[in-house]
Every structure is written in structure tokens, then in C-alpha cells.
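Read through the structure below, which is laid out as C-alpha cells, and then see the notes.
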Amino acid sequence: MLDGKTAVVTGSTSGIGLGIAGALAREGARVVLNSFSDTADDHKIASDLAAETGADVRYVRGDMAKPAECAGLIEQAIAAHDAPVQILVNNAGIQHVAKIEEFPLDKWDAIIAINLSSAFHTIRAAVPGIKQAGWGRVINIASAHGLTASPYKSAYISAKHGMIGLTRTLALEFAEERILATANAICPGYVETLLVEGQIADQMKAHGMSREEVIEKVILARQPTKRFVAVDAIGAMAVFLCSDAAQEITGQPLSVDGGWTAL
Ligand code: NAD
């Protein structure tokens, strides 16, 4: 379905980003994986995915905390294939949990930069190519925390709400052009990834609870299905948003959250 299209997924050497990258590669897209580390493992993840899917998958380093490197990621992806980046998934994200009055300033700045501003910078670099090609899909990975709040996650929740505002604005700007380009945000509930593992470990320490107790009583307390969302479910949503059937879905936050935001 996506043969000949270049897809960039930021922060995609693990978790949800890697799941989405795999799903897009299986549909035939040329996929650019990204993280800030540039290790042998990062390159192996790309070559393994290429071998598994038969797609062109490569790794490009870029620190999504740095505006010039966000734009540079898109420029390198365009140069690699001499073609525009027509599928852009802004997925890179970090978390920090603390009361507002104790929230470290450097953590606030890093979360706003990586979880929100990086999407502006990659979009800004990719949009001219999408407009010229007349077809594109921008998928921003927000969160149930883009639509609702919890205490102690001020920076993350501010960034994810901002991600939905950015998505809506881009959707309207694409619509003005009368092209076949959409922008949407996927809002996952809890997915078992490294980002959540960190929170489980912190909560075990803070409350003296077992891993199972933390998952049941803290992490999944607000997720009515009482199970984690599968990474594959997010990948499948991204593939659907890239399909022709999703052409008129634009500017939307799409929840994949086990009913969290139905509460
Ligand atoms: P993860 O930690 O596995 O993935 C985060 C990715 O971001 C990693 O690959 C990491 O290398 C990358 N990253 C971090 N800082 C970066 C930087 N400066 N430059 C480039 N890459 C960087 O966690 P995940 O849960 O897969 O998170 C992916 C996205 O999904 C995040 O935006 C997160 O907020 C969002 N999300 C996760 C959940 C969940 O429950 N796991 C729920 C809702 C939304």
C-alpha cells in the first residue's frame, strides 16, 4: 500500500515508534528509524527490520531536543531517497514525574523540546515536500494525557495537549491547499514500553509495592479494560491513517486507550 513512500518515525528504536516503523515497512514504505544514540544496536535494529520486511529501512541519528537536528533528520531522509518525506510520525518522547513546585527546570525544557517542539521542527521541514507531492500523512503520537490530566506530569501533559493543537492547525493548513494530506494525533492509553517501565520502577519504590500491585493499582487504575494497549494496535492505527480509506479523517485526536477517556 505504501510502496514508494518515504516514512520517518522519530524516536523509533524501541516501543511504540519501532512498532509503527515495522507496520509501515510491512506495507512497503521506505522507513527511516531515528534516535539520538547512534549505536551499533540502533543500526542492527534497522537492518533486522529491513531483512524481516524486505523494505528499505535505515537509521539516521538526530537529537529531537535540538531544532537543527530535527530539520536535519528530514533533510537526510529526503536526500537518501531523492524524494519527499510523505509520512512523518512524531513519536519521540520522555517523561518526568514531580510536583509542579519541585519540577526540575531542565526536565520541563527537555520534555517540551522533545515531546512537542521537535514535531514542529520536523513538520516545518517536511511540509514543503508534502505540498509539492500533493499527498502526505502526518501522525503525531500524543497520549490520553493529551486529552486529560493526572497530577505530577505537568510538562508531559502540557506537551501532549500542545501536540493536539499543532495537529489541528496543520490539518487546516493542509486542507487550505486542497491536497490529499492529513494530520492526526494518536492518543494511546498505557502501553508496556521502556517509558512505562521507568514509571513502574519509580512507583514500586515510592509506595513499597510489588510490580503487579503498581500495575493494577496505579498504572492501570484509570484504564477501564485493565490491560495494556498492544504496540501492534498503535501500528495498525498508523497504517489505517495512511490508507485511502482515512483520507477524510484529519485534525483528529484518535484514542487507542482501553476506554480511559470514556470515563
Ligand atoms: P520508549 O521509551 O520506548 O520510546 C521513546 C523513544 O524516544 C525511544 O526510542 C527514545 O530513544 C526516543 N527518544 C527519547 N529522547 C530522544 C531524543 N532526544 N531524540 C531522539 N529520540 C529520542 O517509550 P514509548 O512508550 O514507546 O514512547 C513513544 C511515544 O509514545 C512517546 O511520545 C510517548 O509519550 C508516547 N506514549 C506512550 C505511552 C505508553 O504508555 N507507553 C502512552 C501514550 C503515549
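Only this structure's heavy atoms are used, side chains among them; waters, hydrogens and symmetry mates stay out. For ligands, and for the atoms within them, numbers begin at 1 and follow the listed sequence. This one's a predicted model, so the numbers in the text were calculated from it and none came from an experiment.
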- What are the two closest heavy atoms between D38 and D42, and how far apart are they? N-OD2, 2.9 Å
- Note on the structure: ligand 1 to V196, heavy atom cutoff 4.0 Å, flagged ligand atoms 39 (C), 40 (O), 41 (N)
- Can you tell which of G15, A113, G93, A119 gets a heavy atom nearest to atom 5 (C) of ligand 1? G93
- Message: Please report whether ligand 1 has a polar contact with S143, defined as an N or O pair separated by less than 3.5 Å (distance criterion only).
- Response: no
- Query: So, is V191 polar-close to ligand 1, with some N/O to N/O distance under 3.5 Å?
  - Reply: yes
- Query: Considering only the protein, which heavy-atom contact is closest to atom 17 (C) of ligand 1, and what is its distance?
  - Reply: F36 CD2, 3.4 Å
- Message: I'd like to know if R211 pairs up with E197 as an ion pair, taking the criterion as any Lys NZ or Arg NE/NH1/NH2 lying under 4.0 Å from an Asp or Glu carboxylate oxygen.
- Response: yes
- Query: Are a donor atom and an acceptor atom from the side chains of T53 and R26 found within less than 3.5 Å of each other?
  - Reply: no
- Query: Quick one: does ligand 1 sit under 4.0 Å from the side chain of D63, the backbone, both or neither, non-hydrogen atoms only?
  - Reply: both
- Item | Closest approach of any protein heavy atom to atom 6 (C) of ligand 1, naming residue and atom | G11 O, 3.3 Å
- Item | Nearest-neighbour protein heavy atom for atom 11 (O) of ligand 1, which is reported as residue plus atom name and distance | S35 CB, 3.9 Å
- Salt bridge present between K44 and D41 (N-O < 4.0 angstrom): no
- Atoms in ligand 1 with a heavy atom of A92 nearer than 4.0 Å: 7 (O), 21 (N), 22 (C), 32 (O)
- Please confirm whether F228 comes under 4.0 Å of ligand 1, counting heavy atoms of the residue only. no
- Message: Using a 3.5 Å distance criterion without hydrogens, assess whether the side chain of K226 forms a donor-acceptor pair with backbone atoms of L220.
- Response: yes
- Message: Counting only heavy atoms closer than 4.0 Å, does ligand 1 sit against the backbone of L18, its side chain, both, or neither?
- Response: neither
- Message: Set out, in order, the CA-CA distance, both residues' side-chain angles and the distance that settles side chain to side chain donor-acceptor pair (under 3.5 Å) for T122 and N90, then state yes or no.
- Response: CA-CA 8 Å; T122 56; N90 287 303; 2.6 Å; yes
- Which of the atoms of ligand 1 are close to Y190, meaning less than 4.0 Å from one of its heavy atoms? 40 (O)
- Task: Identify, by atom number and element, the atoms of ligand 1 in contact range of T13, meaning under 4.0 Å from any of its heavy atoms.
- Result: 9 (O)
- Query: Applying a strict 4.0 Å limit to heavy atoms, is N115 in contact with ligand 1?
  - Reply: no
- Mark yes or no for whether E75, through its side chain, and A79, through its backbone, hold a donor-acceptor pair below 3.5 Å. no
- Note on the structure: Of A144, A65, S14, the one whose closest heavy atom lies nearest atom 8 (C) of ligand 1 is S14
- Query: So which bit of N34 gets within less than 4.0 Å of ligand 1, heavy atoms only: side chain, backbone, both or neither?
  - Reply: side chain
- Looking just at side-chain N and O atoms, do T167 and N140 make a donor-acceptor pair shorter than 3.5 Å? yes
- Query: Any idea which part of S118 is under 4.0 Å from ligand 1, heavy-atom wise: side chain, backbone, both or neither?
  - Reply: neither
- Item | SB check R58 D56 (cutoff 4.0 Å) | yes
- At a 4.0 Å cut-off, with the gap strictly under it, does some heavy atom of G198 reach an atom of ligand 1? no
- Query: Strictly by modelled atom types, are Y59 and S35 linked by a side-chain donor-acceptor pair under 3.5 Å?
  - Reply: yes
- Task: Flag P188 as yes when one of its N or O atoms lies below 3.5 Å from any N or O atom of ligand 1, and as no otherwise.
- Result: no
- With a 6.0 Å cut-off on ring centres, are Y156 and H96 close enough? no
- Task: Please write down residue, atom name and distance for the protein heavy atom closest to atom 25 (O) of ligand 1.
- Result: T193 OG1, 2.5 Å
- Query: What are the two closest non-hydrogen atoms of L263 and R222, and how far apart are they?
  - Reply: CD1-O, 3.5 Å
- Task: Using distance alone, decide if ligand 1 has a nitrogen or oxygen within less than 3.5 Å of any nitrogen or oxygen in M64.
- Result: yes
- Given the rule in the side chain to side chain donor-acceptor pair (under 3.5 Å) test, do K153 and Q199 qualify, once you have shown the distances and angles that lead to the verdict? CA-CA 11 Å; K153 295 183 176 176; Q199 293 178 58; 2.9 Å; yes
- With distance as the sole test, does H207 use its side chain to make a donor-acceptor pair with the main-chain N or O of V214 at under 3.5 Å? no
- Looking only at protein heavy atoms, identify the closest one to atom 23 (O) of ligand 1 and say how far it is in Å. L195 CB, 3.3 Å
- Using distance alone, with no hydrogens and no angle criterion, decide if K217 and Q203 have a side-chain donor and acceptor under 3.5 Å apart. no
- Which heavy atom of D257 sits nearest a heavy atom of Q223, and at what distance? O-CG, 3.5 Å
- Query: Would you say N91 and ligand 1 have an N/O pair spaced under 3.5 Å apart?
  - Reply: yes
- At a 4.0 Å threshold, what atoms of ligand 1 neighbour a non-hydrogen atom of I94? 14 (C), 15 (N)
- Note on the structure: heavy-atom search around atom 44 (C) of ligand 1 in the protein gives A142 O, 3.2 Å
- Nearest protein heavy-atom contact for atom 42 (C) of ligand 1: which residue, which atom, what distance? G189 O, 3.1 Å
- So which heavy atom in the protein is nearest atom 26 (O) of ligand 1, and how far is it from that ligand atom? I16 N, 2.8 Å
- Hey, does G62 sit under 4.0 Å from ligand 1 if you only count heavy atoms? yes
- Message: Tell me whether ligand 1 is touched by Q95 - counting only heavy atoms on the residue side and a distance under 4.0 Å.
- Response: no
- Message: Using a strict threshold of under 4.0 Å (side-chain N to carboxylate O), is an ion pair present between E69 and R61?
- Response: yes
- Message: Using a plain distance cutoff, I'd like to know if I114 has any nitrogen or oxygen under 3.5 Å from a nitrogen or oxygen of ligand 1.
- Response: no
